[in-house]
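Report on the structure given below.
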Amino acid sequence: MSGAERIKYYAQTILGPMLLMAVTTYGAGTLVFAHLSGEAAVSRAVAAGRTALGNELTDLGSSLSDTPYVVALTALAAVVLRMVLRRWRESLFLVAAVWSQSLVFLATTEAVGRRRPPVPHLDEAPPTSSFPSGHVSAAVALYCGLALVLATHVRSRALQVLIWVAGAAAPVAVGVSRVYRGMHFVSDVLWGLLLGAGCVAMAAWAILYGRPGRDGQRSRS
């Protein structure tokens with residue numbers, strides 16, 4: 001298989017879907033920013049019910065997807081998967097899932113330009129807009145992506161369920177924490193979940209479950 005065939009394959013299975021997700025995210029963000037009302041009231045209600053315990057728990061929940069942790073955990077997981085499985089497929093899948101959501105997020109958040117909720121912020125606001133939630137999309141890509149890999153390599157149904165529960169619980173905890181701490185509206189979090197899931201599905205389709213054929217088209221592995 002030539003280099004040109006590989007480029008064609010990955011353009012079709014990764015770059016194309018990423019561009020589609022970026023365009024869709026920008027469109028959704030513009031629609032939300034321009035037309036969705038009532039979310040500020042939800043943010044104010046949540047902020048009014050804050051407690052010392054809730055502040056501590058959500059600080060932990062939000063930190064599950066802080067950028068330094070995501071980068072470090074992705075790199076560590078990629079290295080461990082390569083050493084244990086003795087191949088690059090799963091490692092490349094996880095890296096592709098995490099970094100693709102990051103690229104889509106960075107390409108769209110400033111263009112949307114949505115301000116963060118009008119409540120006291122418990123975290124420092126990064127120089128990006130509120131939509132979508134990059135914390136949540138990164139959490140889905142990392143924890144659900146890792147859950148997909150691990151669940152594929154165990155036979156016990158109970159263990160598979162446990163892995164998926166843990167993988168899904170992490171981004172939910174991050175999303176709830178980000179809303180609680182005044183860093184995102186609910187719709188920012190919901191779109192972050194969709195974006196992260198889309199990037200996991202895209203990377204799995206391209207890397208885990210498919211291979212470029214001789215003509216550069218996708219083939220089953």
Identify all side-chain donor-acceptor contacts of residues 160-176 below 3.5 Å with residues at least two apart in sequence or on another chain.
residue : atom : partner : partner atom : Å
Gln160  : OE1  : Arg157  : NE           : 3.3
Gln160  : NE2  : Ala151  : O            : 3.2
Gln160  : NE2  : Val154  : O            : 2.9

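For the atom pair CG (Leu194) and CD (Gln101), the distance works out to 13.5 Å, reported to the nearest 0.5 Å. Taking CG of Asp59 as the reference point, atom CG of Asp66 lies at 8.5 Å (rounded to 0.5 Å).
Side-chain contact between Arg89 and Leu92 is absent, with no heavy atoms from C-beta onward closer than 4.5 Å. You'll find the side chain of Glu90 stays beyond 4.5 Å of the side chain of Thr152, heavy atoms only. In this structure, the side chains of Leu142 and Tyr69 stay at 4.5 Å or more apart for every pair of heavy atoms. In this structure, the side chains of Arg178 and Asp188 stay at 4.5 Å or more apart for every pair of heavy atoms. In this structure, Thr24 and Trp191 have side chains that are in contact, with non-hydrogen atoms separated by less than 4.5 Å. Considering only heavy atoms from C-beta on, Phe131 stays 4.5 Å or farther from Thr108 through its side chain. Ser137 has its side chain out of reach of Met21: every pair of non-hydrogen atoms, C-beta onward, lies at least 4.5 Å apart. The closest side-chain heavy-atom distance from Leu81 to Phe93 is not below 4.5 Å.
No donor-acceptor distance shorter than 3.5 angstrom exists from the side chain of Tyr26 to the backbone of Ala107, with no hydrogens or angles considered. For the pair Arg116 (side chain) and Met183 (backbone), a donor-acceptor distance under 3.5 Å is present. The backbone N or O of Asn55 sits less than 3.5 Å from a side-chain atom of Arg181, completing a donor-acceptor pair. Remark: the backbone N or O of Val189 is not paired with any side-chain donor or acceptor of Ser133 at under 3.5 angstrom.
If you chain together hydrophobic residues whose side chains sit under 4.5 Å apart, Leu64 and Val140 fall into the same group. Under the 4.5 Å side-chain heavy-atom criterion for Ile, Leu, Val, Met, Phe, Trp and Tyr, Leu20 and Trp99 are members of distinct hydrophobic clusters. Cluster membership check: Val95 does not share its hydrophobic cluster with Met83, using side-chain heavy-atom separations under 4.5 Å among Ile, Leu, Val, Met, Phe, Trp and Tyr.
In summary, the side chains of Thr13 and Trp205 do not present any donor paired with an acceptor at a separation below 3.5 Å, with no hydrogens or angles considered.
Contact record, Ala204 with Leu148: CB-CD2, 4.0 Å, taken as the closest heavy-atom pair.
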